[in-house]
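See structure below.
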Amino acid sequence: MPDFSASRHTERDYLEMLYQEMHPWHDHLGKLLLSVNGHAFLELVNRRVPEIRRTVRASVANASDGGQDVAFLTDCYGEIPGDTLAEKATVLARTLRVDLTGVL
């Protein structure tokens with residue numbers, strides 16, 4: 001779980017950060033960022049195969065050092081593995097079956 005101890009962000013902020021790390025795949029993804037009942041959700045869709053989609057949410061908890069711990073969870077696979085946002089973005093892109101050349 002990445003430690004964002006130097007900052008205070010909302011679930012929506014963290015989802016935006018994750019999406020920004022997915023910049024190599026933006027041309028292959030459709031994005032919808034929603035807030036429902038105080039919780040944020042990021043809906044990602046493979047543009048070439050619209051049936052492939054993932055809903056992602058951020059779970060933010062207070063860390064023992066006063067910062068925040070964040071876990072990114074998908075509707076299908078649970079927590080997205082990885083130590084950095086870039087690693088998590090790559091894993092998420094693979095679950096969406098996109099890469100720099102299109103559909104995997």
Side-chain angles (χ1 to χ4, degrees):
M1 194 179 307
D3 177 18
F4 297 93
S5 55
S7 58
R8 284 281 202 230
H9 296 289
T10 65
E11 291 175 1
R12 187 179 184 96
D13 295 335
Y14 287 118
L15 291 171
E16 277 289 346
M17 288 180 218
L18 178 64
Y19 182 72
Q20 289 308 314
E21 283 295 327
M22 298 184 78
H23 62 87
W25 303 284
H26 282 182
D27 290 344
H28 304 289
L29 294 172
K31 166 195 153 190
L32 181 61
L33 187 59
L34 303 167
S35 292
V36 178
N37 295 328
H39 296 285
F41 299 90
L42 175 63
E43 180 79 17
L44 297 170
V45 178
N46 180 319
R47 287 188 176 156
R48 293 189 180 172
V49 186
E51 295 80 20
I52 302 174
R53 59 183 60 226
R54 299 290 174 265
T55 301
V56 183
R57 67 181 181 90
S59 176
V60 181
N62 292 324
S64 58
D65 63 2
Q68 292 178 308
D69 287 331
V70 181
F72 294 96
L73 308 155
T74 68
D75 53 342
C76 296
Y77 299 107
E79 186 172 355
I80 301 170
D83 293 329
T84 66
L85 277 178
E87 290 173 2
K88 291 177 182 296
T90 300
V91 169
L92 184 55
R94 286 185 182 140
T95 70
L96 286 156
R97 299 184 57 174
V98 294
D99 67 0
L100 295 177
T101 60
V103 179
L104 291 173

Say you draw a straight line from [atom1] of [X] to [atom2] of [Y]; how long is it, rounded to the nearest 0.5 Å?
X: Glu87; Y: Ile80; atom1: CD; atom2: CD1; value: 12.5 Å
X: His39; Y: Thr10; atom1: NE2; atom2: OG1; value: 12.5 Å
X: Trp25; Y: Arg94; atom1: CH2; atom2: CZ; value: 7.5 Å
X: Leu18; Y: Leu44; atom1: CG; atom2: CG; value: 7.5 Å

Is there a path of hydrophobic side-chain contacts, each under 4.5 Å between heavy atoms of I/L/V/M/F/W/Y residues, joining [Y] to [X]?
X: Phe41; Y: Val60; answer: no
X: Leu33; Y: Phe72; answer: yes
X: Val45; Y: Leu96; answer: no

Would you say the side chain of Lys31 lies within less than 4.5 Å of the side chain of Glu16, judging by non-hydrogen atoms? yes
Given side chains that start at C-beta, do those of Glu21 and Lys88 come closer than 4.5 Å, heavy atoms only?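 Of all side-chain heavy-atom pairs linking Lys88 with Glu21, none is under 4.5 Å.
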Those residues that, when tested against His26, pass ring pair (Phe, Tyr, Trp, His ring centres under 6.0 Å) (two or more places apart):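 Per chain and number, His26 pairs via ring pair (Phe, Tyr, Trp, His ring centres under 6.0 Å) with Tyr19.
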Nearest heavy-atom neighbours spanning [X] and [Y]:
X: Ala58; Y: Leu15; result: N-CD2, 3.9 Å
X: Arg12; Y: Ser35; result: NH1-OG, 3.1 Å
X: Glu79; Y: Ala71; result: OE2-CB, 3.8 Å

Checking Asp69 side chain against Ala61 main chain: does a donor-acceptor pair fall under 3.5 Å?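 Pair absent, no side-chain N/O of Asp69 close to backbone of Ala61.
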Output side-chain donor-acceptor pairs under 3.5 Å for residues 49-57, partner residues at least two apart or in another chain, one line each.
unit_1, atom_1, unit_2, atom_2, d
Arg53, NE, Pro50, O, 3.4
Arg53, NH2, Pro50, O, 3.3
Arg54, NH2, Tyr77, OH, 3.4
Arg54, NH2, Thr95, O, 2.9
Thr55, OG1, Glu43, OE1, 2.4

Report yes or no: do Gln68 and His9 form a side-chain donor-acceptor pair below 3.5 Å? no
